[in-house]
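These numbers were taken from a predicted model, which means no experiment stands behind them. Each chain gets a letter, A, B and so on, in the order its sequence line appears, and its residues count up from 1.
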Amino acid sequence: MSPAATVSSPRTLAGALDALVGATEATLILAGGTDLMVEFQTGRTRPGHVVDVWRVDELRGIRAEPAGLRIGALTTCTELRASALAQEHADILVIAADEVGAEQIQARATIGGNLGTASPAADLTPVLFALEAEVRLVSKAGARSLPVTEFLTGYRKTARRPEELIESILVPTRAPGERRGFRKVGTRRAQSISKVVVAVAVTALDGVIRTLRASAGSVAERTILLPSLERELAGKAPDAAALDRAARRAATADCAPIDDVRSTARYRREVLRRILRTLLAELLLDET
Amino acid sequence: MERTVGTDIRRPEGPDKVSGRAVFVADLATPGAWFGGTVRSDVPRGELLGVDLDPAFDWDRVRLAGPAEVPGANVVAMINEDMPVLAEREVRHVGQPLLLVAAPDAETLGAALAAARPRIAPLPAVLDMEDAPDVLHEILIEKGDAPSALARAARIIEGTYRTDTQEQMYIEPQGVIAWPPDASGCTVVRGSMQCPFYVHKSLVTMLGTRADAVRVIQVETGGGFGGKEDYPSVLACHAVLLARAAGVPVRMIYDRHEDLAVTPKRHPSRVRHRTSVADDGTLLAMDIDVLLDGGAYTTLSPVVLSRACIHAAGAYRCDHVRIRGRVVRTDHVPYGAFRGFGAPQVCFAVERQMDRIAGALALHPAELRRKNMLRVGDTTATGQRLETSVGSVEVMERVLARSRFDRHAWRSAGVAREPHDSQGARKRTGVGFSFFFHGAGFTGSGEELLKARVRVELDQGGRAVVETASTEFGQGTIAMFTALAADALGAAPEDIRIAAADTSRVPNSGPTVASRTCMVVGGCVMKACAELRARMSAASGDESGPFADRARAFLAGGGDGLAEVVYASPPGLVWDEEHYRGDAYPAYGWAADVAEVEVDLDTFEVRVTRFLSTVDVGKAIQPQLVEGQIEGGSLQAIGFAHLEVVTTEGGRFLQDRMATCIIPGTLDTPPIEVELVEVPFPHGPAGAKGVGELPMDGGAPAVASAIEDALGIHVDHIPATPERLLDAWLRAHPEEAL
Ligand SMILES: Cc1cc2nc3c(=O)[nH]c(=O)nc-3n(C[C@H](O)[C@H](O)[C@H](O)COP(=O)(O)OP(=O)(O)OC[C@H]3O[C@@H](n4cnc5c(N)ncnc54)[C@H](O)[C@@H]3O)c2cc1C
C-alpha cells in the first residue's frame with residue numbers, strides 16, 4: 001500500500017473544484033474507494049494527491065428533471081436500490097446496482113466511480129449506454145455534458161480532464177413503451193465480476209421495432225454498443241429466427257473479447273449471443 | 001455414562017472468537033518486532049546467479065538472511081529432505097524463496113524487497129505432469145490378477161478423469177512470529193498451524209540443534225483444511241533465520257496475495273480406469289492408473305499418493321484389482337495437503353466411472369452401486385477384510401429413501417434427450433449420486449510408528465488439564481476433547497481445560513490431520529481420563545459431589561494426578577507396507593450424497609439446488625460440530641466440482657487474489673441436508689471414527705453426475721466450469737455454435 005503524498009477532503013462542491021485547480025494525471029478523486037483502494041493495494045495506482053469527495057453532499061441524490069432523471073455522481077448502489085424514482089425511470093439501473101458486489105460494496109460503490117474507473121467489466125455502465133445517458137462534468141472553468149458513449153474512450157480511459165469532476169448523470173426520460181432488459185453473467189452468484197454483461201432498451205410499435213439500443217461489458221477493451229442489433233432489426237417485426245440472426249451478428253461483428261483470468265473469448269462471444277437472443281425474445285416475443 | 005458425549009456443549013473458545021477477543025498471530029502484541037519478507041523467483045526453473053541489491057537503497061536499514069545464514073541443514077525437513085529453506089543455485093518453481101529481508105516497518109520492508117532483484121538464468125521448465133520424467137513416488141496395489149482378468153474380458157469400459165488444483169482459502173492467511181534465541185539458547189516460534197511438532201522437527205534440523213532448544217506454540221488459528229499442515233514449517237524456518245539476523249522478534253504474516261501465490265494447494269490429478277463388468281453389472285476387474293502432479297519438491301506427496309491409491313477403487317467389491325500410482329515432479333509450486341488428501345481426486349474418478357458403467361449397461365447408477373458396494377465380510381483393494389462399523393448399506397439406503405434418487409430416471413451422456421429446442425426452456429435440471437468411504441487415521445502402520453502420547457493432569461484447582469499436540473483451527477477439537485474427557489472422568493465440561501499446543505509442554509500426540517484427532521487422540525484422552533477416574537475412586541470410593549472438590553481431595557491425599565497414555569492400534573491389524581497389502585485403516589467412514597442441479601442453457605452456469613448427505617461417523621461426539629463438518633466439506637466439494645478455478649501459466653497461479661480466486665458464497669450454497677448414521681467402531685472413543693475429510697470426497701462426483709443427467713454430456717474434468725460445459729455442449733450440438 002502506498003499512501004498518498006497529500007489528501008484534501010472538501011465538504012462542498014466549490015471546495016472540491018478549488019482543490020482540483022491545477023490538478024494533473026497524478027491527482028486522484030476518491031469517491032467510495034471500492035476501486036481505488038484495491039488499486040492502491042495492488043500498486044497499480046500510486047497517487048500523488050488525493051481529493052476525497054465522499055463528504056460533498058451536493059454530489060448526492062436522485063431527482064426528476066424535465067429531461068429525465070438526474071443522478072448525483074456520489075449516489076451509491078444502495079441508494080439506487082432504495083430509490084422509487086430510480087425504480088420508475090431507470091428500472092434496469094436498479095437491477096444492475098443490485099448485482100454489483102454485495103451489500104458492503106454497494107454501500108460505497110458510486111455511479112460516478114463506476115464510470116470513472118472505465119473498467120470494461122463495469123455493470124452500471126452498459127445500462128447507461130443502453131439508456132443513452134449523459135455525463136455532466138464540472139470544473140472551476142465551467143461545465144459540459146457529453147454522452148456516456150463518448151465519455152469512455154478506451155481501456156480504463158475517459159474524456160475527463162484532470163481538473164474536472166463527474167457531477168451527475170442524466171438518464172433521459174423513458175420513451176413511451178420502451179422495454180428494457182439486463183443480464184449479468186459473473187463468476188458466481190454474488191460478489192463477482194462480470195464475464196459478460198448486457199443491457200437492452202427497445203421500442204416497438206405493433207410488433208415493429210423502432211429503436212433498439214444494446215450495450216455489453218467484458219467483451220471488448222471497454223463497454224461497447226452493439227449496433228448490429230438495431231441495424232438488423234429496426235423496422236422489422238422479427239420472429240425468433242430473426243432475433244437469433246441479429247444476436248449472432250452482434251456477437252461476431254460488434255465485440256472483441258479476450259481470454260483472461262475469468263473466462264475465455266469463445267465463452268464470452270457464444271454467451272453474449274445466447275443471452276441476447278433470450279433477452280430480446282423475452283422483450284419482444286412474450287407479449288401475449 | 002454418556003452425559004456430554006452426544007449433546008452439543010458450548011464451544012469453550014467460541015465466545016472469544018465471536019466477540020473478536022480471540023488473539024490470532026497478527027494480533028499478538030510483540031513490542032520491537034520487525035517485519036519479515038521474502039525475495040522470490042519469478043521463473044519456474046533456472047539457475048540462480050545472484051540477487052542484485054540496488055545501491056540506491058540504504059541496506060543498513062534492514063537485515064538479510066540467505067542460505068549461508070542457515071546454521072544447520074538447508075532443508076525443510078518433511079518426508080524427504082529435498083526442499084531447501086532458501087534456494088542456493090537451483091530454482092525449481094515460481095515464488096521460490098531466495099533471500100529473506102527483515103525491516104523495522106512494513107514500508108521499509110516493501111522498499112527493500114523492491115530493490116532486491118534476483119538474477120536467474122532460465123531453464124526449460126516441466127509444467128505438464130503427463131511428460132514429467134521425474135517420479136517422486138510410486139505405489140502398486142494388486143489384488144487377484146487384474147491383467148489376466150482384463151485380457152479375458154468380454155467388455156471393458158474405459159474412462160479418463162481429471163481434477164484441477166484447489167485452494168484451501170482458510171480465513172486467516174499463513175503467519176508466524178519468531179524470537180531470537182533466549183538466554184538459555186531456546187528459539188521460540190508462535191503461529192497459525194495445524195502441526196506444531198512438524199514445525200518443531202524442521203526447525204531442529206535447520207538449526208542443527210537439540211530438541212529442547214526449540215519451542216513451537218500454536219496460537220488461535222483461523223482455518224487450515226490441510227493448508228497449514230506443511231507450510232508453517234517453511235515460514236517458521238524463514239522467520240527464525242530473520243530473528244537471528246535481526247536480533248529482534250520477526251513477524252512473517254502473509255497477505256492474501258502472497259499466500260495464494262506461494263502456498264501449497266490440492267494435487268491436480270489424472271486417473272484412468274479400465275473396468276471389466278458382467279452383464280448384470282458385477283465388477284470383474286479394475287485396472288486403475290493414478291497420476292498426481294507433485295510440484296517441485298516431495299513435501300507430503302508420497303502420503304497423498306498413498307491415500308489416493310488406497311481409495312482409488314472406491315467403496316466397491318472386486319476380486320481383481322490393480323492400482324498403479326505415481327506422483328511426479330514438475331516445476332510448479334509444490335502441491336500439498338488439502339482435506340481429503342488425494343481421496344477426492346480418485347473418488348471423483350471412480351464414481352464417474354461407475355456412472356459410465358451404469359450408462360453402458362443401461363443400469364440405474366444406484367442399482368449398480370447396490371450390487372457392488374462393500375459390505376461386512378468383504379475385502380477392499382488392499383485385501384482388508386471389513387469386520388465392524390461398516391455403515392455402507394445404511395448410508396446408501398437412507399439417502400436413497402430421502403432423495404428417491406433410485407426412482408429418478410438418471411440419463412447418461414449416451415441416452416438420447418428430448419429434441420433440444422433452442423427457443424424453449426432455458427434451464428435443465430439433473431440429479432446425481434455418489435457413494436464413498438474414507439479411511440480414518442494414518443495409513444497402515446503410521447500410528448504404530450508415531451505412537452501418539454497424551455497426558456491428562458489434575459491441576460491445583462481440581463480441573464483436569466488435557467495435554468495433546470492436537471490443534472483447534474475451527475473444526476472443534478476443544479469441544480470434542482472436552483466432551484470425551486468429561487464423560488470419561490465423570491465430570492462436567494467446566495471441569496476440563498484443554499492445554500495450548502506448546503511443544504515444550506504437551507506430549508507429541510501427532511499432527512492434526514488424517515481424520516485422526518477424535519478417533520486416535522480422543523481415544524487416548526478417554527483412556528487417560530478413565531485411568532485417573534479409577535485412581536480417584538480407588539482412593540475414595542465415592543463419586544458424588546462436584547468433580548473439582550473430589551480432585552482436590554485426591555491430590556491433597558497424595559494421589560497421583562498425572563496419567564499418560566500411548567496409543568495402541570486395535571489388535572489384529574496387519575499391514576505390509578512393501579506390497580501395500582492388509583489393513584490400510586482401522587476404520588472407515590461411509591457416506592452417500594445426492595446433488596440436484598439446474599443448468600442455464602444460455603450461460604452454462606450450474607446452480608446446485610439441493611444437496612443431501614448421509615454419513616456414518618461411528619458416533620457423533622458433538623452432533624452439531626459433525627453436521628458442520630459435513631456441511632462445510634460438502635460445500636468445498638461443490639466448489640471443487642463446478643466453481644473453484646485455479647489455473648497456472650508458466651508455473652504461476654493466475655488466480656492469486658480473492659477477487660479472482662473464487663469460492664462459493666452464500667448464494668452459491670444449496671440447502672445441505674445432513675443425516676447422521678451411527679454404526680459404532682468398537683475401538684474408537686464412544687464408538688467414533690473419523691469425519692474431517694470424508695465429506696470432501698463425494699460432493700464433486702455427485703454434482704458432476706447431476707450435470708451429466710441435465711445436459712447429456714460427459715463431465716470427466718472438474719471444475720466443470722461454464723466455459724468447459726459450453727465447449728462440451730457445442731461439441732455435442734455443433735449446429736448451435738457461432
Ligand atoms: C469486492 C468488490 C466487488 C465489486 N463488484 C463489482 C460489480 O459486481 N460490478 C461492478 O460494476 N463493479 C464492482 N466493483 C467495482 C466498484 O465497486 C465499482 O466500480 C464502483 O462503482 C466504484 O465506485 P467508487 O465510488 O467506489 O469508486 P472509487 O474507487 O472511489 O473511484 C473509482 C474511479 O472513479 C473516479 N471517480 C470517482 N468518482 C468520481 C467523480 N465524482 N468524478 C471524477 N472521477 C471520479 C476515481 O478517481 C477513480 O478513478 C467491485 C469492487 C469490489 C472491491
Side-chain angles (χ1 to χ4, degrees), chain A residues 1-3 34-35 38 41-43 99 101-103 105 121 183-198 239-241 243-244 247-253 255 259-282 285-286, chain B residues 106-107 110-111 113-114 255-257 421-427 598 600-608 638-639 642-649 652-670 719 721-727 729-730 733 735-738:
Chain A
M1 174 115 51
S2 104
T34 60
D35 277 321
V38 177
Q41 223 262 335
T42 60
E99 294 210 22
E103 293 278 339
I105 292 294
R183 180 72 204 267
K184 166 174 176 173
V185 183
T187 44
R188 66 182 150 205
R189 284 164 55 77
Q191 200 72 288
S192 87
I193 302 299
S194 287
K195 294 178 185 177
V196 187
V197 51
V198 297
D239 58 5
L243 294 182
D244 185 33
R248 185 185 284 258
R249 179 106 196 105
T252 40
C255 63
D259 288 345
D260 69 6
V261 61
R262 292 196 176 86
S263 190
T264 62
R266 176 178 205 213
Y267 179 84
R268 292 176 154 119
R269 238 186 239 288
E270 294 280 357
V271 168
L272 174 63
R273 176 251 185 139
R274 298 170 87 90
I275 59 179
L276 275 176
R277 179 178 65 196
T278 298
L279 209 52
L280 291 173
E282 278 166 14
L285 305 179
D286 281 354
Chain B
E107 280 261 276
L113 290 173
D255 65 10
R256 181 67 66 180
H257 170 55
D421 170 8
S422 62
Q423 307 305 329
R426 304 313 297 157
K427 297 228 157 89
E598 185 181 272
D600 186 307
L601 288 185
D602 283 335
T603 63
F604 294 91
E605 291 164 293
V606 171
R607 196 153 80 88
V608 181
I638 290 168
H642 79 105
L643 200 83
E644 299 187 27
V645 179
V646 179
T647 48
T648 55
E649 203 177 274
R652 182 186 311 274
F653 294 120
L654 292 182
Q655 293 77 6
D656 57 2
R657 299 188 179 275
M658 273 188 107
T660 48
C661 192
I662 300 297
I663 59 168
T666 309
L667 294 182
D668 307 295
T669 306
T721 58
E723 286 76 7
R724 284 187 177 146
L725 293 176
L726 172 83
D727 283 344
W729 178 267
L730 293 180
H733 305 274
E735 73 287 355
E736 283 193 27
L738 270 174

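Shown here are the side-chain contact (heavy atoms from CB on, under 4.5 Å) partners of A/Ser192, two or more places apart in sequence or in another chain: A/Lys184, A/Thr187, A/Arg188. Taking A/Arg248 as the reference, A/Asp244, A/Arg273, B/Leu738 meet the side-chain contact (heavy atoms from CB on, under 4.5 Å) condition, with sequence neighbours excluded.
If you run salt bridge (Lys or Arg N to Asp or Glu O under 4.0 Å) between B/Glu723 and each of A/Lys195, A/Arg262, A/Arg268, only A/Lys195 comes through.
The choice from B/Leu654, B/Leu726, B/Thr721 that makes the most heavy-atom pairs within less than 4.5 Å of chain A is B/Leu726.
Heavy atoms of B/Thr647 lying under 4.5 Å from chain A are absent altogether. Contacts between B/Ala737 and chain A at a heavy-atom distance below 4.5 Å involve backbone atoms as well as side-chain atoms. Using a 4.5 Å cut-off between heavy atoms, B/Leu730 contacts chain A through its side chain alone, with no backbone atom that close. Proximity to chain A (any heavy atom under 4.5 Å) is restricted, for B/Leu643, to the side chain, taken from C-beta onward. Heavy atoms of A/Arg183 lying under 4.5 Å from chain B belong exclusively to its side chain. Looking at B/Asp727, the atoms closer than 4.5 Å to chain A (heavy atoms on both sides) sit in the backbone and in the side chain alike.
Under the 4.5 Å side-chain criterion, counting only non-hydrogen atoms from C-beta, B/Met658 is not in contact with A/Gln191. Residues A/Thr42 and B/Arg657 meet the side-chain proximity criterion, which asks for heavy atoms closer than 4.5 Å.
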Evaluation steps, salt bridge (Lys or Arg N to Asp or Glu O under 4.0 Å), between B/Glu605 and A/Arg189: CA-CA 9 Å; B/Glu605 291 164 293; A/Arg189 284 164 55 77; over 6 Å; no
